[in-house]
Amino acid sequence: MVIKVVLLTLLLFQVIYLLIRVKNGKEKKYYIPALFVSVITAWMIYKTLTMSGFAAINSTIFSAFGLFILFIFTKHPPFLKERN
C-alpha cells in the first residue's frame with residue numbers, strides 16, 4: 001500500500017511539473033505524448049489499487065516505468081527540435 005501511495009504522489013508531482021512546462025512553453029503540441037503517458041500511468045496506478053497478488057506487482061512495475069517515461073517526455077518532449 002505504501003508503494004501505491006508513493007506512486008500516486010510522484011504522479012501528482014510530475015503532472016504538476018508537466019502543467020507548468022506546458023504553461024511556460026510556446027509549443028504546447030509537443031507535450032501531447034506526455035499527457036497521454038500521464039493518463040495511461042494514472043489508469044495503471046488506479047488498477048493497482050483494485051488488484052491484489054502478482055497482478056498488482058506487475059501493474060506497479062508498469063506504473064513506475066510509466067512515471068519514468070513521463071519524466072523523460074516532460075523534460076525532453078519528443079519531436080521538438082530545440083533551436084540554438
Side-chain angles (χ1 to χ4, degrees):
M1 188 65 174
V2 173
I3 294 173
K4 296 172 188 176
V5 172
V6 169
L7 287 173
L8 285 172
T9 306
L10 287 174
L11 179 68
L12 178 68
F13 286 136
Q14 285 189 348
V15 168
I16 290 171
Y17 179 67
L18 174 65
L19 293 175
I20 290 171
R21 291 283 302 234
V22 168
K23 183 180 176 190
N24 293 337
K26 297 176 210 150
E27 297 148 342
K28 296 176 181 13
K29 66 181 178 183
Y30 294 113
Y31 292 100
I32 292 173
L35 292 173
F36 284 139
V37 170
S38 68
V39 169
I40 292 169
T41 303
W43 177 252
M44 292 299 288
I45 292 173
Y46 170 74
K47 285 178 62 174
T48 62
L49 295 175
T50 60
M51 292 180 175
S52 64
F54 191 68
I57 294 171
N58 282 340
S59 186
T60 304
I61 291 170
F62 288 133
S63 298
F65 183 70
L67 287 171
F68 178 70
I69 297 297
L70 176 62
F71 177 73
I72 291 173
F73 279 4
T74 304
K75 194 80 170 159
H76 306 286
F79 314 116
L80 176 65
K81 297 188 189 264
E82 296 188 21
R83 297 179 182 118
N84 293 331

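Reckoned from all heavy atoms, side chains included, excluding hydrogens, waters and symmetry mates.
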What pair of heavy atoms forms the shortest contact from [X] to [Y], and how long is it?
| X | Y | value |
| --- | --- | --- |
| Thr74 | Ala34 | OG1-CB, 4.1 Å |
| Leu70 | Gln14 | CD2-OE1, 3.4 Å |
| Arg21 | Lys75 | NH2-O, 3.4 Å |

TODO: Verify the neighbour count for atom OH of Tyr17: are there more than 12 heavy atoms of other residues, nucleotides or ligands below 6.0 Å?
DONE: yes
Is [X] linked to [Y] within one hydrophobic cluster, defined over Ile, Leu, Val, Met, Phe, Trp and Tyr using a side-chain heavy-atom separation of less than 4.5 Å?
| X | Y | result |
| --- | --- | --- |
| Leu8 | Leu19 | yes |
| Leu67 | Met44 | no |
| Leu12 | Ile20 | yes |
| Phe13 | Tyr46 | no |
| Phe73 | Phe68 | yes |

Open item on the list: Closer than 3.5 angstrom, by distance alone: can the side chain of Ser38 be matched with the main-chain N or O of Leu35 as a donor-acceptor pair?
Closed with: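 Here the side-chain-to-backbone pair exists.
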Task: Student check: side-chain heavy atoms of Phe36 and Ile32 closer than 4.5 Å - done: yes
Open item on the list: For the CG atom of Asn58 and the CZ atom of Phe62, what is their distance to the nearest 0.5 Å?
Closed with: 6.0 Å
